[in-house]
Amino acid sequence: MKKLQLLFIHSDYMEYEAKEKTRVAEPISESRKKERVEEVLVVFIAVEREDEKDVKYMVEKASEEAISVFHKVGAERIVLYPYAHLSSELASPERSIEILRGMEEDLLSRGVEVKRAPFGWYKSFTLRCKGHPLSELSRKIKGREGGGAEAEEVEVEKLSKALEAEEKAESHFFFMDTGGEGGLIRTEDFEFELDKRDNLQKFFVYESEKRRAVDKVPPHVELMKRLEIADYEPSSDPGNLRFYPKGKLIKALLEEYVRNSVAEYGAVEVETPIMYSTRHPSLKDYLERFPARQYSMAGKGGKPDLFLRFSACFGQFLMSKDMSISYKNLPLKIFELASSFRKEKRGELVGLRRLRKFTMPDMHTLCKDMGEALKEFKKQYELCMRVLEGIGFFTKDYEVAIRFTREFYDDDANKGFIDELVRIAGKPVLIEMWDQRFFYFVLKFEFNFVDALGKASALSTVQIDVENAERYGIKYVDANGEEKSPIILHCSPSGAIERCMYALLERAYLEKERGVLPMLPLWLSPTQLRIIPVAERHLEYIEEILPVLNGIRTDVDDREETVSKKIRDAGRDWIPYVAVVGDKEVEKNTLSVTIRGESSKSESKGEQRQKQKVEEMDVFELKNRVGELIKSKPFRELPFSYKLSERARFVGG
RNA sequence: GCCUCGGUAGCUUAGCCUGGAUGAGCGGCUGAUUUGUAAUCAGCAGGUCGAGGGUUCAAAUCCCUCCCGGGGCUCCA
């Protein structure tokens with residue numbers, strides 16, 4: 001089978017000059033010996049081994065690849081540069097020249113300006129690489145097995161693409177289902193549920209790339225502004241948002257909820273610094289592996305000296321290293337609600353989904369050995385499910401990914417463990433298996449939310465870390481008095497708080513598309529109950545019943561507007577309970593309560609109205625009903641005046 | 001970071017292609033209306049047209065640079 005090695009360098013310019021012939025030199029005219037080409041995509045090429053039948057195919061594929069990179073980086077011309085050093089198994093010179101010439105012709109015929117450096121000459125060259133992230137790329141083109149029939153071409157092409165992707169990632173995707181025996185199901189053998197939107201499929205597509213282009217602002221971005229939750233802050237670094245009172249309230253409630261959940265689970269809460277010295281030896285190691293994403297601050301002499309943490313790992317590891325820990329203390333769980341900073345690339349930032357400053361619940365668990373680590377892993381897997389459920393996400397709302405190294409899965413004892421995780425999920429799961437361990441972990445899972453645009457992002461995650469205890473010198477003393485390195489679990493039970501908010505908003509949008517009235521979970525709704533007086537004279541009655549509703553975020557629309565207008569505004573604010581008070585209610589000592597969660601929306605061209613579920617009840621009944629639904633969740637008072645007339649707007653429209 | 005699309009009043013936007021005094025709706029303010037389940041009526045105020053530079057007699061409009069946002073690529077400890 002023939003292969004083609006390609007190395008692309010997007011350059012400001014390239015100059016080359018043919019100096020001396022080798023044995024295999026192609027004859028060339030004097031004018032082709034020396035060239036200078038500007039704004040160029042340089043394609044270094046080595047053709048490997050030999051298969052005469054496949055020349056045409058190889059030329060075509062290689063040209064396609066070159067064209068695709070050419071357009072992607074926006075180069076103006078192409079230089080084809082034979083570069084034998086890319087391979088140790090070169091094809092014959094004849095075949096190589098044939099392919100190079102073929103590519104030259106092919107590219108010319110597609111209207112690209114092409115120069116081909118002479119084959120078989122010793123050449124001098126200079127080029128200046130542009131140095132943007134895509135300016136250096138390499139590709140391998142594989143020939144068809146045996147150079148077979150044309151009919152197979154499509155199939156083969158797909159396969160070679162898949163192979164290529166795998167080679168790059170050095171990992172393999174599978175699915176696993178709940179049906180007992182389970183085992184790994186190859187992705188091509190797996191049947192997605194055909195009904196409804198299959199998020200697992202979307203998630204897999206997202207993970208294995210091939211995304212469709214969407215030219216739409218993500219729904220949650222508009223919602224976060226319109227609902228006065230959060231907004232961009234142009235005067236800060238991108239990805240550092242401002243949160244309005246409603247957003248701050250929701251965020252604070254979520255934080256409190258997650259904090260309570262891990263405390264109940266047995267974690268101790270700590271607080272560690274948000275910035276660290278780049279000179280610390282353990283941190284240095286880490287940083288060198290991931291240099292690009294730090295917010296760093298200049299120290300003496302203008303050199304970066306401090307960096308902002310991108311997770312709570314450092315602080316907690318450094319703390320753990322100084323502790324004295326007995327095996328009796330294990331598993332030891334340390335938790336922090338950590339403001340974290342990652343200088344993500346500009347183009348990766350979106351609304352509340354991906355930020356440069358975000359709030360990460362981060363729990364680390366020190367375990368005495370792998371057995372204990374696995375036991376904890378499973379418990380935390382279940383903890384994560386419970387926490388998400390409390391926030392309002394059920395298994396139908398997220399997709400489970402379990403990832404591990406081949407080595408981990410080769411151990412038969414671990415196979416059953418993975419099966420058990422799938423069984424707990426109760427639905428098919430995406431599996432990724434790495435050929436080697438590239439990071440510090442051998443096993444991790446995430447719960448991924450798939451949004452309205454088909455993009456997936458991780459909420460909860462747990463990872464088993466086999467590397468950092470040693471790196472940071474974290475030790476415990478075992479029953480024999482010997483010092484040992486623990487295994488560390490990293491767990492974020494909910495994922496970033498902002499990301500939970502993003503997911504809640506995106507989900508509400510998706511629900512709306514399905515004809516359901518969008519809303520936030522009751523305990524997170526900034527206003528849980530709005531009371532609307534029909535006329536000013538009803539305000540007195542409202543003031544009388546208000547104290548009963550203590551413990552429920554209740555506000556009163558005392559503005560001089562029509563009842564219709566107030567109802568509409570309450571709807572636009574997604575308020576779960578809206579109570580109207582007029583003469584009738586005052587007389588009967590009741591409230592007419594519209595319950596959003598039980599009302600329905602009617603789509604279509606303005607003709608039909610939504611069906612509102614209105615119930616008449618007295619204030620105690622209402623109080624009990626709402627109170628019952630929120631009693632197990634954190635509560636905060638309204639973050640502004642209960643009278644709408646006194647409230648300032650944070651955003652217009 | 002690269003490619004690409006966009007930025008006009010607090011918000012949503014018309015005008016831009018084809019250069020010739022920024023127009024509207026919502027919101028705000030004032031007045032009238034005291035209202036029964038998805039927008040009451042009228043009036044008023046509100047704009048260095050993202051910033052800077054250039055072309056032109058003349059720039060929101062054409063060109064360049066930068067900033068901010070969306071999408072794609074890439075990446076995600």
Side-chain angles (χ1 to χ4, degrees), chain A residues 10 68-75 130-137 168 209 211-218 221-222 225-226 228 231-239 283 285-294 309-311 313-314 340 342-351 353-354 360 438-441 444 446 453 455-458 461 463 465 467-468 490 517 532-539 559-573 578-585 592-594 599 601-602 606 608-614 648-653:
Chain A
H10 187 201
S68 133
V69 173
F70 176 73
H71 288 307
K72 219 176 269 174
V73 301
K130 286 191 174 281
H132 59 77
L134 287 177
S135 60
E136 294 168 82
L137 295 168
K168 197 179 118 210
E209 258 145 321
R211 274 159 253 176
R212 71 198 166 102
V214 266
D215 198 9
K216 224 170 94 180
V217 179
V221 173
E222 281 170 20
K225 295 182 186 187
R226 214 208 75 218
E228 295 191 334
D231 209 340
Y232 297 112
E233 174 50 76
S235 304
S236 178
D237 196 40
L283 304 181
D285 247 35
Y286 221 64
L287 286 180
E288 274 162 15
R289 244 168 109 181
F290 309 100
R293 288 168 189 266
Q294 261 57 251
R309 66 175 175 197
F310 50 77
S311 71
C313 301
F314 316 108
S340 304
R342 297 183 188 178
K343 201 157 173 111
E344 306 286 7
K345 287 187 215 147
R346 186 62 192 72
E348 300 166 343
L349 302 168
V350 210
R353 176 172 175 243
R354 199 125 208 247
M360 193 69 171
F438 339 87
F439 301 126
Y440 55 74
F441 42 83
K444 72 177 288 199
E446 318 110 39
L453 269 40
K455 305 203 177 207
S457 29
T461 180
Q463 306 161 354
D465 176 351
E467 198 176 287
N468 280 308
H490 300 235
L517 290 175
I532 298 179
V534 172
E536 228 176 298
R537 63 178 177 277
H538 305 117
L539 277 169
R559 297 173 305 162
E560 290 185 32
E561 298 287 352
T562 58
V563 173
S564 293
K565 176 73 177 284
K566 293 177 185 177
I567 294 282
R568 178 172 191 268
D569 286 347
R572 278 174 57 83
D573 274 351
V578 179
V580 174
V581 173
D583 291 338
K584 232 171 33 190
E585 286 77 10
S592 289
V593 184
T594 302
S599 303
K601 188 190 153 199
S602 60
Q608 283 172 306
R609 291 268 162 99
Q610 72 186 55
K611 280 190 222 133
Q612 292 188 331
K613 165 85 172 176
V614 184
R649 278 173 184 265
F650 283 80
V651 287

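In the text below, chain A, chain B and the rest are named by the order of the sequence lines, each starting its count at 1. All values derive from a computational prediction rather than experimental measurement. Note that these values count all heavy atoms, side chains included, but never hydrogens, waters or copies made by symmetry.
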J.: What distance do A/Leu517 atom CG and A/Gln612 atom CD have between them, rounded to the nearest 0.5 Å?
T.: 8.5 Å
J.: Excluding sequence neighbours, so at least two apart, what forms side chain to side chain donor-acceptor pair (under 3.5 Å) with A/Asp573?
T.: none
J.: Excluding sequence neighbours, so at least two apart, what forms ring-ring contact (aromatic ring centres under 6.0 Å, His included) with A/Phe441?
T.: A/Trp434, A/Phe439
J.: Got a list of protein N/O to nucleotides 41-51 of chain B N/O distances below 3.5 Å?
T.:
none

J.: What's the closest nucleotide to the side chain of A/Gln294 if the choices are B/A39, B/G70, B/A77?
T.: B/A77
J.: Look through every strand shown and name the nucleotide pairing with B/C29 as Watson-Crick or G-U wobble, where both distances are under 3.5 Å.
T.: B/G43
J.: Examine distances only and state if a side-chain atom of A/Tyr232 and a backbone atom of A/Gly239 form a donor-acceptor pair shorter than 3.5 Å.
T.: no
J.: Between A/Cys313 and A/Asn468, is there a side-chain heavy-atom distance shorter than 4.5 Å?
T.: no
J.: What's the closest nucleotide to the A/Tyr440 side chain, out of B/U37, B/A77, B/G1?
T.: B/A77
J.: Is A/His490 close to A/Lys444 at the side-chain level, that is, under 4.5 Å between some pair of heavy atoms?
T.: no
J.: Residues two or more places apart in sequence or in another chain: which of them pass side chain to side chain donor-acceptor pair (under 3.5 Å) with A/Arg559?
T.: A/Asp557, A/Asp569
J.: What protein N or O atoms touch nucleotides 64-68 of chain B N or O atoms at under 3.5 angstrom, if any, and at what distances?
T.:
none

J.: Answer yes or no: is there a donor N or O on one side and an acceptor on the other, between the side chain of A/Ser599 and the main chain of A/Lys613, under 3.5 Å?
T.: yes
J.: What are the atom names and distances for every N/O pair under 3.5 Å that joins the protein to nucleotides 32-36 of chain B?
T.:
{"from": "B/U33", "atom 1": "O4", "to": "A/Glu560", "atom 2": "OE1", "distance (Å)": "2.9"}
{"from": "B/U34", "atom 1": "N3", "to": "A/Glu536", "atom 2": "OE1", "distance (Å)": "3.4"}
{"from": "B/U34", "atom 1": "O4", "to": "A/Glu560", "atom 2": "OE1", "distance (Å)": "3.3"}
{"from": "B/G36", "atom 1": "O6", "to": "A/Asp583", "atom 2": "N", "distance (Å)": "2.4"}
{"from": "B/G36", "atom 1": "O6", "to": "A/Lys584", "atom 2": "N", "distance (Å)": "2.9"}
{"from": "B/G36", "atom 1": "N1", "to": "A/Glu585", "atom 2": "OE1", "distance (Å)": "2.7"}
{"from": "B/G36", "atom 1": "N2", "to": "A/Glu585", "atom 2": "OE1", "distance (Å)": "3.1"}
{"from": "B/G36", "atom 1": "N2", "to": "A/Glu585", "atom 2": "OE2", "distance (Å)": "2.4"}

J.: 5'-most contact on RNA chain B: A/Arg342 or A/Pro218, nearest heavy atom basis?
T.: A/Pro218
J.: Counting side-chain heavy atoms from CB outward, which of B/C75, B/G28, B/A77 is closest to A/Phe441?
T.: B/A77
